[in-house]
> 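The structure's right below; bear with me while I get my questions together.
Keep in mind it's a predicted model, so treat the numbers as computed, not measured. Numbers restart at 1 for each chain; the letters A, B, ... are given by sequence-line order, proteins then strands. Only this structure's heavy atoms are used, side chains among them; waters, hydrogens and symmetry mates stay out.
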Amino acid sequence: MDEQSRMLQTLAGVNLAGHSVQGGMALPPPHGHEGADGDGRKQDIGDILHQIMTITDQSLDEAQAKKHALNCHRMKPALFSVLCEIKEKTGLSIRGAQEEDPPDPQLMRLDNMLLAEGVSGPEKGGGSAAAAAAAAASGGSSDNSIEHSDYRAKLTQIRQIYHTELEKYEQACNEFTTHVMNLLREQSRTRPISPKEIERMVGIIHRKFSSIQMQLKQSTCEAVMILRSRFLDAMRKRRNFSKQATEILNEYFYSHLSNPYPSEEAKEELAKKCSITVSQVSNWFGNKRIRYKKNIGKFQEEANLYAAKTAVTAAHAVAAAVQNNQTNSPTTPNSGGFPASCYQSDGRIQ
DNA sequence: TAACATGATTCAAT
DNA sequence: ATTGAATCATGTTA
């Protein structure tokens with residue numbers, strides 16, 4: 001403000017002294033009038049500036065009257081435009097130099113994460129990467145799907161909060177912006193405010209609000225990450241395979257008792273059938289072999305059960321084959337039931 | 001809640 | 001890399 005008043009004083013001093021302005025006048029002459037009128041106009045301006053400079057010395061009523069008179073003065077717009085220009089040049093606007101906003105990498109990261117987690121993306125995005133991966137890893141057992149839906153419900157909750165908050169912020173931002181713009185427009189009648197300044201102010205407000213939005217995004221991300229890690233922890237917990245899966249595994253085990261070492265392909269197939277991973281299949285067989293070997297007697301009943309089961313399946317297959325007039329005998333070598341004596345015959349299971 | 005069942009992990013041997 | 005064996009941690013059941 002100091003600088004500004006100094007400039008004003010200089011300007012006023014020059015013009016009041018009646019000297020002609022040498023290096024080009026800051027105030028362009030009003031259109032249409034030239035030459036003889038010039039000195040009078042300079043006097044006009046000088047008067048106005050003088051009044052402005054002395055306005056604080058006067059009583060309130062006097063000042064109000066003067067102010068009003070000045071407000072209605074025909075030179076006011078021109079003077080304000082000059083003052084605006086001066087303001088622009090005095091560095092008051094320097095702050096606006098950092099106008100161009102480089103796309104904040106952190107903001108982009110947050111946006112991407114929210115999009116990936118299905119928070120800011122299309123509605124009902126459903127399975128996030130985490131949920132999908134976990135679902136694939138631990139199979140479609142019923143308890144798993146319960147946790148899955150729980151996860152989804154919580155994610156939806158987060159998404160709803162996020163969206164309502166975001167909307168709230170946006171609305172508040174718009175309201176505040178229009179309010180400030182109205183205020184500045186109102187004030188521009190009594191003090192020099194350039195449209196550029198208003199624009200800058202709007203920019204500042206938007207930046208402030210977007211930084212608030214970033215905080216919202218950040219905390220939303222945190223919430224999602226926490227939810228996700230809890231979900232994955234829950235998935236990591238030991239969980240028995242589904243009844244169906246153990247049945248399939250047992251069927252294979254007891255129908256290949258003489259050599260219960262499934263090949264890689266067989267493991268993959270079993271994994272697919274049981275909706276578990278290949279390494280889980282390997283684990284299962286490893287455990288099964290050792291536990292079976294340790295206590296064959298205990299597993300006898302189970303062995304007989306599965307032997308009977310495979311026999312029934314084979315019988316069905318035979319029946320189907322017969323119905324199809326395929327009279328060849330069934331070729332599955334392991335399907336014919338497994339007498340207990342057979343188990344001992346193999347060297348590997350002893 | 002104890003006893004048992006079971007999936008996972010670790011480690012040495014091959 | 002795969003397996004057997006021991007062990008751990010947790011789920012299930014009586």
Side-chain angles (χ1 to χ4, degrees), chain A residues 127-155 223-314 332-350:
Chain A
S128 76
S138 76
S141 59
S142 55
D143 43 352
N144 169 38
S145 72
I146 286 169
E147 295 204 22
H148 192 207
S149 70
D150 190 42
Y151 175 86
R152 284 227 310 236
K154 284 187 175 143
L155 192 68
V224 170
M225 294 323 274
I226 289 169
L227 176 66
R228 188 174 152 162
S229 75
R230 288 216 184 116
F231 177 74
L232 287 176
D233 280 349
M235 289 289 96
R236 244 193 300 279
K237 271 198 302 188
R238 214 204 73 154
R239 198 167 294 278
N240 289 353
F241 297 156
S242 69
K243 227 176 160 185
Q244 207 182 355
T246 38
E247 206 144 297
I248 291 166
L249 293 168
N250 272 318
E251 253 169 56
Y252 187 97
F253 180 78
Y254 286 111
S255 64
H256 295 76
L257 245 187
S258 57
N259 185 32
Y261 298 85
S263 65
E264 199 55 35
E265 295 81 55
K267 279 184 194 170
E268 273 167 28
E269 172 138 10
L270 286 167
K272 203 167 144 192
K273 272 194 203 162
C274 302
S275 339
I276 57 179
T277 65
V278 173
S279 70
Q280 283 176 303
V281 173
S282 298
N283 275 340
W284 190 91
F285 271 89
N287 285 322
K288 190 71 183 181
R289 280 191 298 264
I290 190 74
R291 283 163 185 162
Y292 176 83
K293 198 184 94 173
K294 261 187 178 172
N295 195 348
I296 294 174
K298 201 178 79 181
F299 286 94
Q300 201 60 68
E301 206 180 324
E302 191 179 71
N304 291 336
L305 189 104
Y306 281 99
K309 197 172 275 191
T310 46
V312 167
T313 334
T332 40
N334 289 319
S335 62
F338 285 89
S341 59
C342 163
Y343 304 147
Q344 317 290 338
S345 65
D346 192 282
R348 298 206 66 154
I349 299 269
Q350 285 263 6

> In whole angstrom, give the distance that lies between atom CZ of A/Phe285 and atom C1' of B/dA8.
17 Å
> Would you kindly give the CD1-to-P distance between A/Ile290 and C/dA6, to the nearest whole Å?
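That distance rounds to 7 Å.
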> Look at A/Lys288 and B/dG7 and indicate whether a side-chain polar atom (N or O) is within less than 4.0 Å of OP1 or OP2.
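Looking at the OP1 and OP2 atoms of B/dG7, neither is under 4.0 Å from any side-chain N or O of A/Lys288.
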> Which whole-number value in Å describes the distance from A/Arg291 CZ to C/dC8 P?
13 Å
> Under the side-chain hydrogen bond (donor to acceptor under 3.5 Å, both in side chains) test, which residues partner A/Gln244, sequence neighbours left out?
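None.
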> What is the distance, rounded to the nearest whole Å, between atom CG of A/Asn287 and atom C1' of C/dT7?
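The answer, rounded to whole Å, is 11 Å.
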> Does OP1 or OP2 of B/dA8 have a side-chain N or O of A/Asn283 closer than 4.0 Å?
yes
> When the ring planes of A/Tyr292 and A/Phe299 are compared, do they come out parallel, tilted or perpendicular, using 30° and 60° as the limits?
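A/Tyr292 and A/Phe299: tilted rings.
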> Under the rule for salt bridge (Lys or Arg N to Asp or Glu O under 4.0 Å), what residues qualify as partners of A/Lys267, not counting sequence neighbours?
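In terms of salt bridge (Lys or Arg N to Asp or Glu O under 4.0 Å), with neighbours along the sequence ignored, A/Lys267 is linked to no residue.
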> Check this for me: does any side-chain nitrogen of one of A/Glu251 and A/Lys273 sit under 4.0 Å from a carboxylate oxygen of the other?
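Not counted as a salt bridge, because no side-chain N and carboxylate O are separated by less than 4.0 Å.
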> Whole angstrom is fine here: how far is it from CG in A/Leu270 over to C1' in B/dG7?
16 Å
> Rounding to a whole Å, what distance do you find between A/Tyr292:OH and B/dA5:P?
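Taking atom P of B/dA5 as the reference, OH of A/Tyr292 is at 16 Å.
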> Between A/Gln280 and B/dA8, does any side-chain N or O lie under 4.0 Å from OP1 or OP2?
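Affirmative; the distance criterion is met.
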> So, is A/Arg289 near the phosphate of C/dG4, with a side-chain N or O under 4.0 Å from OP1 or OP2?
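So the side-chain polar atoms of A/Arg289 do come within 4.0 Å of the phosphate oxygens OP1 or OP2 of C/dG4, strictly under.
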> What is the separation between atom NZ on A/Lys267 and atom P on C/dA1, rounded to the nearest whole Å?
13 Å
> Nearest to the A/Asn240 side chain among B/dA5, B/dG7, C/dT3, which nucleotide is it?
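Per side-chain heavy atoms of A/Asn240, the pick is B/dG7.
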> Nearest whole angstrom, please: distance from the P of B/dA5 to the NZ of A/Lys243.
16 Å
